[in-house]
Colleague: 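Below: one structure in structure tokens.
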Amino acid sequence: MEISKTYSPAQVEPKWYNHWLDNKYFAAKPNPDKKPYTIVIPPPNVTGVLHMGHMLNNTIQDILIRRKRMMGYEACWVPGTDHASIATEARVVAMLKEQGIDKKDLTREAFLAHAWQWKEKYGGIILQQLKRLGASCDWDRTRFTMEPSLYEAVIEVFIQLYNKGYIYRGARMVNWDPQAKTTVSDEEVIYKEINSKLYYIKYYSENNNNEYFTIATTRPETIMGDVAICVNPHDERYKALIGKKYLVPLINRPIPIIADEAVDMEFGTGSLKITPAHDMVDYNIGLKYNLQIIDVLSDDGTISPAGQIYVGEDRFAVRKKIVLELTEKNHIADSKDIVNKVGTSERTGAVIEPRISTQWFCSMKQMAVPTLENVLNENIKIYPKDKFINTYKHWLENVQDWCISRQLWWGHRIPAWYDTKGNYVVAKNLEDAQKIYSQKYNLVNATLTQDADVLDTWFSSWLWPISVFDGFAKNDNKDFKYFYPTHDLVTAPEILFFWVARMIMAGYEFTDKAPFENVYLTGIVRDKAGRKMSKSLGNSPDPIELIEKYSADGVRFGMLLSSPAGNDLLFDEKYCEQGRNFANKIWNAYRLIKSWEVINSEPTDIDTKTIQWFTSKYNHALKNIEDNYEKYRISEVLKNIYTLVWDYFCSWYLEMVKPDFGKPVSIRTYNDTIVLFENLLKILHPVMPFITEEIWHGLSNRTTAEAIVVSQYPVAQDYDDNILIQCDKVFALVTEVRNLRSSKGVSPKEVLELEYYTMKDDILQPALITYENIIKKLCNLSYINQKTDKLPASNFVMGGIEFFVPLGNHTDLAKEKETLLKELEYTKGFLVSVNAKLANEKFAAHAKPEVIENENKKKADAIAKIESIEKTLSNM
RNA sequence: GGAGUUUUAGCUCAGCUGGUUCAGAGCAUCUGCCUUACAAGCAGAGGGUCGGGGGUUCGAAUCCCUCAAACUCCACCA
């Protein structure tokens, strides 16, 4: 059979993916004979399309799950999507707008019908894309955060926490998105630096038209909500004025001057207008001094009737108008350009308005305790720990109550029911609500309506590892018992608090267990210039195009290559190219082996020793690989495999056992080579699943059940360290000879002789004899022997051995002499430094015995070497 | 303003508890090769006062102090 010269993944990859699906290799069910290994996918937003972050994240998950599957675990990777309430609702609203439909004109039911339609049509794209990557998820388990059983879990948890007193309703200062008309969490506010103007505004005294007080503000449109002017009590300039009253411009409301240390004397005029309804700091000062709250803005960001003027007009338009009017009326003392940070909504980009509103909150303090404790004591391990543990700790120690209500329709509707007076009860459904209500308020058949708001998306996400197995919906769920707690979580560091910490809270709160054992935090994918990849910058490559260009295996390789855990990855396509090249290299090793003719004979001496060596090398590498897996150093694993396959298997092993052109290879050598190669393929499979499956089947006829994806992962055996050390020396020697050829311009085809003069080298000397045939083959030598007196000869020194290669007229005696002189000089200098170290009394007194012994050995070797070289030189 | 991380070759990074795996790898660069598996390749080579300074030590890339730069998170500028 003719095998093509380059590997072509285009047909191969879909073929095997379908094969895996058809044979249900990714399906997991509780199996008492096997240990479970579970990963839940960080559910991408239904609005999402695959980006490079997903690629990295899911490649790592797939590697972990495939390896465990091959190791005999019941490996379960649960896929799914997140309903992403704000993002999806914004998307649906925009879509309807294009169709000429305004959300305001729709009933809740009608809107949700549109939203579900949208979800069915576009919601699963990202999961389909993951299949191209090779993700071995159990697709039959695909979950969605708003499907019935997950919905139930969310409601159940809400009720539990309410009954426990953790969830409460209260008026609070929240981040208000006037465009989406909803609250957003602190984490969803993005602060941007903006060029603004700081206006210095005069507030005239209530009883003296000539006396005024100047304050500085960037938000003149909120002055109608002013209830006080605050100065620092230590500020000498204003001490005398405390308690006096001034008039708010334009509306002429008298407000007092009060004092609080929160005021920065340096900024602006050293005074602060207090607008409790529209600023966090002001709100707190307002609470402290029991000031009135005047809310001058409506939920859409226009001036409310309480503002008295410009009612119904947009806040930014009003800012300009008010400045104009203040100028006309001589209230502006000055204005300055400043750069300040303004909060914007992550979802809509609108400028966030701090606003007082009645919301649902969840107290976090108690739940934070086990969440911190179990990470500090490593019941849950975070990789890499050092980088994140301190911020994790800081966050949990200072955790704020969580505002969980959102003024949206797409999401889990809050299970609270109100009567017309505003009394409410919390219950699963209307029926229950009525029962509870009638008991609580002693009223039967009251008309109850459900809270209009939905829950924060993260309020369902934090239950994800539990709810995907119906852990709440059904008490006695087999899957939940078997697969939960899950084992590894792979996610981005950005959502450590949003999501990871909250999942840990939920785990301990609702199941008394950690939801997972290990958290692997990937890096953030950036472009070559170090910028975060984002749609708006347009600097993110399309992953599917990358796959088409470099193959899924190649891209997986590329994603991993330079992304140690937690380190940001500066993505460059060249890494994918390297992956593609690697696939091609493996392909050609396969071609070579397949091309061999086999003869029923004994293996040669070279073959036997080569196989022995590589077996040791392989086991040595496998131990390292397993060690790196343990530490979640996945990119190190990849580098280990890369070197093992490319350098040691292809460049050394295959070159050594490869028969001369047209000659056959012994059956034992062939079979051993196949076994070694297949083991390499197995180790490679989790990283490059497609090409390994293809070659696996190409190497011999295998049944469906013998796919590599379900083959048994190799276990590292003991190996002979001595062989490895000797062969490393042998390879170094080979390299020296090749170097000699290269520098003297001697063709690799020209047969050479090698002579050596040995002083003392415990490793290389026996290796020269044991591996004589291998050295001869690799260096194209006819002769290796102890030095006689053939001169002139090119020379080099390795360890305690001088080597000579008679090169006839290639040799320049003067240059050879120079080489030896250089070596001599270096060795003498080295000897001086060793002697100095040994002569140092403090060294002798403090250093460990083995260190001293080593220095003595260095000294003896150096002396022998010097003698030898001097002797050679005197003969030249 | 508070905290954290990072700084090693042109680029991206390894170097665990201070001493023969101590200055490493991959990519890039340069040289020579289309050598019957692979030019998506082969064989070689050159690149670094380990951010600066100081200290501890017989000995520091590694431990301590200090300065500098970059990044991240939290708080937040009226």
Side-chain angles (χ1 to χ4, degrees), chain A residues 3 5-7 186 191 196 198 215-219 222 230 262-264 266-269 271-275 279-282 338-343 384 386-395 398 493-494 496-497 524 526 528 530 550 554 561-564 566-570 572 574-575 577-596 631 633 635-636 638-639 642-643 646 650-651 654-655 658 660-662 725 728 734-735 738-743 745 747-749 836-837 840-848 850-852 854-855 857-858:
Chain A
I3 304 172
K5 206 168 164 179
T6 48
Y7 169 59
D186 291 345
Y191 287 91
S196 330
L198 185 63
I215 58 92
T217 181
T218 53
R219 303 207 54 196
T222 62
C230 192
V263 177
D264 178 357
E266 305 296 318
F267 191 89
T269 61
S271 65
L272 179 63
K273 75 184 189 70
I274 303 296
T275 323
D279 186 279
M280 208 69 93
V281 173
D282 294 13
I338 62 158
V339 175
N340 67 341
K341 279 193 203 165
V342 173
D386 297 344
K387 201 165 173 179
F388 297 105
I389 191 70
N390 286 313
T391 39
Y392 182 84
K393 198 174 159 205
H394 184 261
W395 189 77
N398 298 287
E494 300 147 299
L496 183 60
F497 308 126
I524 297 166
R526 298 173 181 279
K528 264 190 280 185
Y550 300 107
L561 188 57
S562 70
S563 70
N567 272 18
D568 288 357
L569 160 62
L570 301 188
D572 190 332
K574 75 178 185 194
Y575 297 123
E577 194 181 337
Q578 201 180 337
R580 181 201 58 178
N581 294 354
F582 185 44
N584 200 48
K585 185 72 185 176
I586 298 160
W587 184 252
N588 276 290
Y590 162 62
R591 274 181 72 213
L592 176 66
I593 295 168
K594 284 297 273 190
S595 75
W596 287 347
K631 294 173 184 157
R633 296 162 55 139
S635 68
E636 283 299 311
L638 180 68
K639 286 176 189 170
Y642 184 76
T643 310
W646 196 310
C650 293
S651 295
L654 288 178
E655 288 303 326
K658 176 163 104 175
D660 290 337
F661 181 65
I725 295 167
D728 279 348
V734 172
T735 301
R738 285 172 176 168
N739 184 15
L740 206 62
R741 280 184 191 273
S742 171
S743 62
S747 156
K749 287 174 186 161
K837 200 182 244 186
N840 186 327
E841 279 172 33
K842 284 185 174 173
F843 174 75
H846 294 279
K848 280 181 258 174
E850 58 263 36
V851 175
I852 296 175
N854 214 317
E855 292 301 315
K857 188 173 176 296
K858 282 190 205 169

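Throughout, protein chains are lettered first and strands after them, A, B, ... in sequence-line order, and every chain is numbered starting at 1.
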Colleague: Is any side-chain heavy atom of Phe843(A) less than 4.5 Å from a side-chain heavy atom of Val851(A)?
Modeller: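 Phe843(A) vs Val851(A): side chains touch.
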
Colleague: Say we look at G51(B) and U62(B): how far apart would their P atoms be, to the nearest angstrom?
Modeller: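 It works out to 8 Å between them.
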
Colleague: Among A78(B), C76(B), U20(B), which nucleotide has an atom closest to any side-chain atom of Leu272(A)?
Modeller: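 Shortest atom-to-atom distance from the side chain points to A78(B).
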
Colleague: Mind telling me whether G48(B) is syn or anti, cutoff 90° either side of 0?
Modeller: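 Anti.
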
Colleague: If I pick the C1' atom on G32(B) and the same atom on U72(B), what distance separates them, to the nearest angstrom?
Modeller: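 Their C1' atoms lie roughly 47 Å apart.
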
Colleague: What closest approach, in Å, do Ile3(A) and Trp587(A) show between heavy atoms, and which atom pair accounts for it?
Modeller: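 In this case the closest contact between Ile3(A) and Trp587(A) is CG2-CZ2, 3.3 Å.
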
Colleague: For the C1' atoms, the ones on A45(B) and on U36(B), what distance do you get once it is rounded to whole angstrom?
Modeller: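 My reading of the C1' atoms in A45(B) and U36(B) gives 28 Å.
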
Colleague: Could you state the atom-to-atom distance from CD of Glu494(A) to C1' of G4(B) in whole Å?
Modeller: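 Whole-Å distance recorded here is 17 Å.
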
Colleague: Taking atom C1' in both G26(B) and U66(B), compute the distance separating them and give it to the nearest angstrom.
Modeller: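 Result for the C1' pair: 35 Å, nearest Å.
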
Colleague: In B/S/- notation, 5' to 3', how is nucleotides 30-44 of chain B contacted by protein heavy atoms closer than 4.0 Å?
Modeller: ------BBBSBSSSS

Colleague: At under 4.0 Å between heavy atoms, which parts of nucleotides 56-64 of chain B does protein reach? Answer with one letter per nucleotide, 5' to 3': B base, S sugar-phosphate only, - none.
Modeller: --B------

Colleague: For A28(B), take OP1 and OP2 only and decide whether either is under 4.0 Å from a side-chain N or O of Tyr575(A).
Modeller: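 No, because none of the side-chain N or O atoms of Tyr575(A) sits under 4.0 Å from OP1 or OP2 of A28(B).
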
Colleague: Could you check if the base of U6(B) is syn or anti? Syn means the glycosidic torsion is within 90 degrees of 0.
Modeller: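 For U6(B), whose glycosidic angle is more than 90° from 0, the conformation is anti.
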
Colleague: So do the side chains of Pro493(A) and Ile524(A) get within less than 4.5 Å of each other, counting heavy atoms only?
Modeller: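 Contact flag for Pro493(A)/Ile524(A) side chains = yes.
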
Colleague: Check whether Asn739(A) reaches the backbone of Thr735(A) with its side chain - one donor and one acceptor, N or O, closer than 3.5 Å.
Modeller: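 Such a contact is absent between Asn739(A) side chain and Thr735(A) backbone.
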
Colleague: Checking all strands, does Glu841(A) fall into the base, sugar-phosphate, or nothing category for heavy-atom contacts under 4.0 angstrom?
Modeller: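 Answer is nothing: Glu841(A) stays at 4.0 Å or more from every strand.
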
Colleague: Between Asn398(A) (CG) and C73(B) (C1'), how many Å, whole number?
Modeller: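 To the nearest whole Å, that distance equals 13 Å.
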
Colleague: When you check the glycosidic angle of U72(B), does it come out syn, meaning within 90° of 0, or anti?
Modeller: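 You should classify U72(B) as anti.
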
Colleague: Would you mind reporting whether Leu569(A) and Leu561(A) have side-chain heavy atoms less than 4.5 Å apart?
Modeller: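 Side-chain contact under 4.5 Å: no.
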
Colleague: Would Lys658(A) and Glu655(A) count as a salt bridge (charged side-chain N to carboxylate O under 4.0 Å, His left out) if you check the C-alpha gap in whole Å, the side-chain angles of each, and the deciding distance to 0.1 Å?
Modeller: CA-CA 5 Å; Lys658(A) 176 163 104 175; Glu655(A) 288 303 326; 3.4 Å; yes

Colleague: Counting only N and O atoms by type, is there a donor-acceptor contact under 3.5 Å from the side chain of Asp279(A) to the main-chain atoms of Thr275(A)?
Modeller: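 Checking the backbone N and O of Thr275(A) against the side chain of Asp279(A), no donor-acceptor pair under 3.5 Å is found.
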
Colleague: What's the OH-P distance between Tyr392(A) and G4(B), to the nearest Å?
Modeller: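 My rounded result for the distance is 19 Å.
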
Colleague: Taking Ser742(A) for its side chain and Arg738(A) for its backbone only, find out whether a donor-acceptor pair lies under 3.5 Å.
Modeller: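 A pair under 3.5 Å: no.
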
Colleague: Dot-bracket for RNA chain B, 5' to 3', counting Watson-Crick or G-U wobble pairs under 3.5 Å, with [ ] for crossing pairs and | for inter-strand pairs?
Modeller: (((((((..((((.....[....)))).(((((.......))))).....(((((..]....))))))))))))....

Colleague: Determine, for Glu855(A) against Lys858(A), whether the closest basic-nitrogen to carboxylate-oxygen distance falls under 4.0 angstrom.
Modeller: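 A salt bridge is present here (some side-chain N lies under 4.0 Å from a carboxylate O).
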
Colleague: Give me the distance, rounded to whole Å, that separates U5(B) from G10(B) when you measure between the C1' atoms they each carry.
Modeller: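 25 Å, rounded to whole Å.
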
Colleague: Using the C1' atom in both, what is the distance from U35(B) to A43(B), to the nearest Å?
Modeller: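 Each nucleotide's C1' atom is 10 Å from the other's.
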
Colleague: Is the ring pair Phe582(A)/Trp646(A) parallel, tilted or perpendicular, if the boundaries are 30 and 60 degrees?
Modeller: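 Parallel.
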
Colleague: Could you state the atom-to-atom distance from NZ of Lys631(A) to C1' of G15(B) in whole Å?
Modeller: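 Rounding to the nearest Å, NZ of Lys631(A) and C1' of G15(B) are 12 Å apart.
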
Colleague: For U21(B), does the O4'-C1'-N9-C4 (purine) or O4'-C1'-N1-C2 (pyrimidine) torsion place it in syn, i.e. within 90° of 0, or in anti?
Modeller: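 The base of U21(B) is oriented syn (glycosidic angle within 90° of 0).
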
Colleague: When the distance from CD1 of Ile524(A) to P of C71(B) is rounded to whole Å, what number comes out?
Modeller: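 Atom-to-atom, Ile524(A) to C71(B), this comes out as 13 Å.
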
Colleague: Using atom C1' of each nucleotide, how far apart are C73(B) and G24(B) to the nearest Å?
Modeller: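 Straight-line distance between the two C1' atoms is 33 Å.
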
Colleague: Roughly how far, to the nearest 0.5 Å, is the OG atom of Ser595(A) from the CG atom of Asn588(A)?
Modeller: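 The OG atom of Ser595(A) is 10.5 Å from CG of Asn588(A), to the nearest 0.5 Å.
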
Colleague: Take the protein atom CD1 of Ile852(A) and the nucleotide atom C1' of U20(B), then report the distance between them rounded to whole Å.
Modeller: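 Result: 16 Å.
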
Colleague: Might you point out which heavy atoms bring Leu198(A) and Gly268(A) nearest each other, and give the distance in Å?
Modeller: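 Nearest heavy atoms, Leu198(A) then Gly268(A): CD2-CA, 4.5 Å.
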
Colleague: Work out how far the P atom of C50(B) is from that of A61(B), and round it to whole angstrom.
Modeller: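 Taking atom P in both C50(B) and A61(B), they lie 7 Å apart.
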
Colleague: Rounded to the nearest angstrom, tell me the gap between atom NE2 in His394(A) and atom C1' in U5(B).
Modeller: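 Nearest whole value for this atom pair: 15 Å.
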
Colleague: Round to a whole Å and report the spacing from CG of Leu569(A) to P of A14(B).
Modeller: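 Leu569(A) atom CG is separated from A14(B) atom P by 12 Å.
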
Colleague: For the atom pair CG (Asp282(A)) and CD1 (Ile274(A)), what is the distance rounded to the nearest 0.5 Å?
Modeller: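 Asp282(A) atom CG to Ile274(A) atom CD1 measures 4.5 Å (nearest 0.5 Å).
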
